[in-house]
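Computed over heavy atoms, backbone and side chain alike; hydrogens, waters and symmetry mates excluded.
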2 protein chains.
Amino acid sequence: MPATIRDVAHASGVHISTVSRTFSAPHLVNAETRSRVLAQAESLGYRPNRAARALITGRTHNLGLIVADIANPFFPPMIKAAEGQARLRDHHIFVADTNEDALVEEDLVRAMAKQVDGVLLCSPRMNNSLIEQLSREVPLVVVNRLVAGLPCVVMDVAQGARDAIAHLVGLGHRELALLGGPRGSWTSREIRKTATATARTADVALTVISPNPPTEDGGLAAAEQVVRAGASAVLAYNDLMAIGLIEGLDALGVAVPTGISVVGIDDIALSRRTRPKLTTVANPTSAAGRAAVDMLLQHGDDRRTTAQVMLRTELMIRDSTGPGPFAAQG
Amino acid sequence: MPATIRDVAHASGVHISTVSRTFSAPHLVNAETRSRVLAQAESLGYRPNRAARALITGRTHNLGLIVADIANPFFPPMIKAAEGQARLRDHHIFVADTNEDALVEEDLVRAMAKQVDGVLLCSPRMNNSLIEQLSREVPLVVVNRLVAGLPCVVMDVAQGARDAIAHLVGLGHRELALLGGPRGSWTSREIRKTATATARTADVALTVISPNPPTEDGGLAAAEQVVRAGASAVLAYNDLMAIGLIEGLDALGVAVPTGISVVGIDDIALSRRTRPKLTTVANPTSAAGRAAVDMLLQHGDDRRTTAQVMLRTELMIRDSTGPGPFAAQG
DNA sequence: GTGAAAGCGCTAACAG
DNA sequence: CTGTTAGCGCTTTCAC
């Protein structure tokens with residue numbers, strides 16, 4: 001039913017290879033012929049079949065994008081940005097959701113491998129050696145994780161954690177808690193490492209509660225442990241958990257920020273709408289999505305550079321943090 | 001580099017057609033031969049190239065999913081559900097974002113047409129005749145719009161609007177306002193039609209403010225008009241607008257629900273987290289995503305039935321609605 | 001039950 | 001500048 005290259009060739013009285021050239025190397029074809037072919041193609045509604053083209057060129061003009069959870073509000077802006085950037089570069093994007101499952105991740109990469117030019121692996125849960133192995137089967141750009149030798153895009157969460165803790169310590173908090181994220185998360189490990197070191201340097205206590213599901217329920221469920229730990233301020237792995245935690249604390253009769261201060265990470269849209277508005281470390285997710293696509297696409301042209309990009313984060317001070325027990329007197 | 005069917009054929013000492021059968025019609029091949037082939041395929045890491053297969057079978061095992069705005073929290077749960085359902089049925093999904101632009105929509109459908117078995121057109125902004133035309137080029141399932149003769153999945157927004165207005169009238173409101181959605185939205189027209197009729201029946205005034213961008217800013221920008229209209233209660237096209245409106249009203253010194261009551265539509269996750277919690281009409285978006293995928297996939301097997309599915313909505317009464325000027329005295 | 005051959009829609013040398 | 005030829009990886013008749 002849909003027009004093929006042959007239909008266009010017949011209609012315009014040329015060989016199919018001329019039609020092919022008209023689309024893939026227009027400069028190699030006589031201007032007059034070209035416009036004739038183009039006109040026929042137009043009127044027949046012809047569009048080159050990319051899958052057929054890919055069979056021979058090896059380039060599908062498709063990209064894969066694998067995330068842990070599409071419905072986690074952290075991802076949609078990144079997906080949107082990646083999709084937009086890909087389309088700008090004339091590529092389409094397969095989006096898949098792993099439900100936070102490392103096994104699904106692996107399978108998905110392999111399943112996509114044949115029909116994409118590369119995949120964006122976002123916040124992977126699998127281990128590094130498997131990622132390295134997969135990167136030999138299909139070009140990979142890893143987002144939210146640093147893997148030696150592979151192109152990566154990460155947020156500077158270490159700086160974010162330092163800023164957050166400095167903020168809390170400056171407010172007079174000396175008993176902190178850290179709500180870790182899911183097992184397998186590079187970001188969670190990174191935050192924990194930095195937070196631990198920063199707390200030690202600042203000579204404040206830090207109770208680590210980890211791992212937790214990176215969801216509101218995860219934060220909610222941790223509220224009791226936070227209270228039991230005697231912390232006056234908490235840094236959460238992400239905003240969702242921070243929001244859940246605030247709700248959990250509320251249920252326990254602990255107000256935020258008067259009772260306990262809470263800092264999130266991500267700056268999802270939601271964090272500006274809750275009451276209290278969430279103090280959080282903003283992550284440039286859209287920029288990350290665009291950068292990852294660009295790296296994947298240039299990766300093909302020029303394999304020498306396996307760049308690793310670290311994007312700046314920014315502490316957004318809002319209403320979920322306040323003076324701690326050791327605050328300077330006003 | 002990746003193993004092809006030929007590699008497997010050589011390795012297992014059979015003709016490629018036997019390997020092909022092993023994967024696409026296993027019952028036609030000797031059990032012994034089959035297991036030998038499978039073993040070699042496994043050890044070579046062979047996976048059939050779906051694009052090549054599609055060239056001949058005409059089935060790509062890919063689906064397209066087109067939405068107005070990935071970052072609009074209404075869509076991610078639907079995308080997630082659709083992707084999950086598709087994978088269950090061994091299909092992959094291309095996701096694309098039109099930025100609420102009807103022209104982009106059309107182009108996207110055509111661009112995907114050749115490499116998918118069908119596309120889910122979600123909340124389309126283009127007109128019906130174009131949709132019908134496109135449905136002749138590629139199987140389409142329309143979500144959030146009823147188009148005669150095409151398979152569609154919609155939410156019963158009419159019932160939702162009736163419920164919302166009944167709720168408000170019951171609360172003693174007699175001056176209502178409706179915040180419409182974007183131009184081209186079937187849902188928005190449907191809500192408006194029903195709301196107008198329902199208001200007339202109930203003998204209450206209804207000021208329609210439309211169209212508006214379906215975003216928080218859209219709601220925020222409309223706050224002044226709402227106040228000027230003298231309405232004591234508002235039904236908004238979606239939760240995002242409702243939330244923006246509440247913020248805008250707040251800025252104008254009007255409290256919700258004491259000054260004005262607000263009802264949203266969708267029941268996005270966010271609506272349970274705002275203060276006040278939003279009264280809203282819940283839309284079963286995940287169910288819609290799954291249903292749409294199922295319809296698209298069975299559409300291929302059985303073209304006789306072009307089902308139209310209408311999913312039930314449910315009014316969630318929370319804290320953004322309260323007694324109006326004509327409330328019965330307590 | 002398996003092999004041989006043709007061909008899906010397209011591109012990429014190679015002639016001319 | 002354009003036509004010829006071969007073939008990408010796979011499925012599908014059709015013989016055997």
Side-chain angles (χ1 to χ4, degrees), chain A residues 1-38 40-41 44-62 90 110-117 137-138, chain B residues 1-38 40-41 44-62 90 110-117 137-138:
Chain A
M1 192 66 221
T4 82
I5 198 172
R6 230 171 307 260
D7 301 326
V8 180
H10 286 154
S12 31
V14 296
H15 194 263
I16 62 164
S17 52
T18 301
V19 178
S20 174
R21 281 186 206 103
T22 307
F23 286 93
S24 45
H27 58 283
L28 290 181
V29 65
N30 182 355
E32 207 175 300
T33 317
R34 194 196 315 152
S35 59
R36 188 155 36 99
V37 170
L38 252 18
Q40 292 300 332
L44 291 174
Y46 169 75
R47 294 226 184 188
N49 181 325
R50 289 184 165 197
R53 177 183 280 180
L55 213 47
I56 193 156
T57 61
R59 314 213 65 230
T60 62
H61 275 238
N62 292 151
D90 197 25
R110 292 227 165 84
M112 285 183 169
K114 291 289 204 337
Q115 43 187 340
V116 300
D117 297 336
E137 303 176 24
V138 55
Chain B
M1 192 62 223
T4 82
I5 197 173
R6 229 171 309 260
D7 301 326
V8 179
H10 285 155
S12 32
V14 296
H15 195 263
I16 61 165
S17 50
T18 301
V19 177
S20 174
R21 282 186 205 102
T22 306
F23 286 93
S24 44
H27 58 282
L28 291 181
V29 65
N30 182 355
E32 207 175 301
T33 317
R34 194 196 314 153
S35 62
R36 188 154 37 97
V37 170
L38 252 18
Q40 291 300 331
L44 290 174
Y46 169 74
R47 296 224 185 190
N49 182 326
R50 291 184 161 196
R53 178 182 281 181
L55 212 47
I56 194 155
T57 63
R59 314 212 66 230
T60 62
H61 275 236
N62 292 149
D90 196 25
R110 292 228 165 84
M112 286 182 168
K114 290 291 204 335
Q115 43 188 340
V116 299
D117 297 336
E137 304 175 25
V138 56

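D:dG3 atom P lies 11 Å from atom CG of A:Asn30, rounded to whole Å. Taking atom NZ on A:Lys114 and atom C1' on D:dC8, their separation rounds to 13 Å, with Å as the unit. Per the geometry, CG belonging to B:Leu28 stands 10 Å off P belonging to C:dT2, to the nearest Å. Atom NE2 in B:His10 sits about 15 Å away from atom C1' in D:dC10, given to the nearest Å. In this structure, A:Arg21 places its CZ atom 12 Å from P of C:dA13, rounding to the nearest Å. The distance from atom NE2 of B:His27 to atom P of C:dT2 is 13 Å, rounded to the nearest whole Å. Summarising the geometry, the separation between CD1 on A:Ile56 and C1' on C:dC10 is reported as 6 Å, rounded to the nearest angstrom. With rounding to whole Å, B:Arg53 atom CZ is found 9 Å from D:dT12 atom P.
Residue B:Thr33 places at least one side-chain N or O closer than 4.0 Å to OP1 or OP2 of C:dT2. Note on B:Arg6: a side-chain N or O is less than 4.0 Å away from OP1 or OP2 of D:dC8. Between B:Thr4 and D:dG9 there is no side-chain N or O to OP1 or OP2 distance below 4.0 Å. For D:dG3, the OP1/OP2 oxygens have a side-chain nitrogen or oxygen of A:Thr18 closer than 4.0 Å.
Within the 4.0 angstrom heavy-atom criterion, only backbone atoms of the sugar-phosphate kind lie near B:Thr57; the bases stay farther away. The residue A:Tyr46 sits close only to the backbone: its heavy atoms come under 4.0 Å of sugar-phosphate atoms, none of a base. Within the 4.0 angstrom heavy-atom criterion, no nucleotide atom of any strand lies near B:Val19. At a threshold of 4.0 angstrom between heavy atoms, the contacts of B:Arg50 with the nucleic acid are absent.
Here the straight-line distance linking atom NE2 of B:His10 with atom OG1 of B:Thr4 works out to 8.5 Å at 0.5 Å rounding.
Side chain of B:His61 to main chain of B:Asp90: a donor-acceptor pair is present (N/O by atom type, distance under 3.5 Å, no hydrogens or angles). In this structure, the side chain of B:Arg34 engages the main chain of B:Val29 through a donor-acceptor pair within 3.5 Å. Side chain of B:Arg36 to main chain of B:Ser12: a donor-acceptor pair is present (N/O by atom type, distance under 3.5 Å, no hydrogens or angles). Looking only at distances, a side-chain donor or acceptor of A:Thr22 sits under 3.5 Å from a matching main-chain atom of A:Thr18.
Listed nucleotides: D:dT11, C:dG3, C:dG9. Nearest to the side chain of B:Val14: C:dG3. Considering only side-chain atoms of B:Ile16, the nucleotide from D:dT11, D:dC8, C:dC10 that sits closest is D:dT11. Of the candidate nucleotides C:dG3, C:dC10, D:dC10, C:dG3 has the atom lying nearest to any side-chain atom of B:His15.
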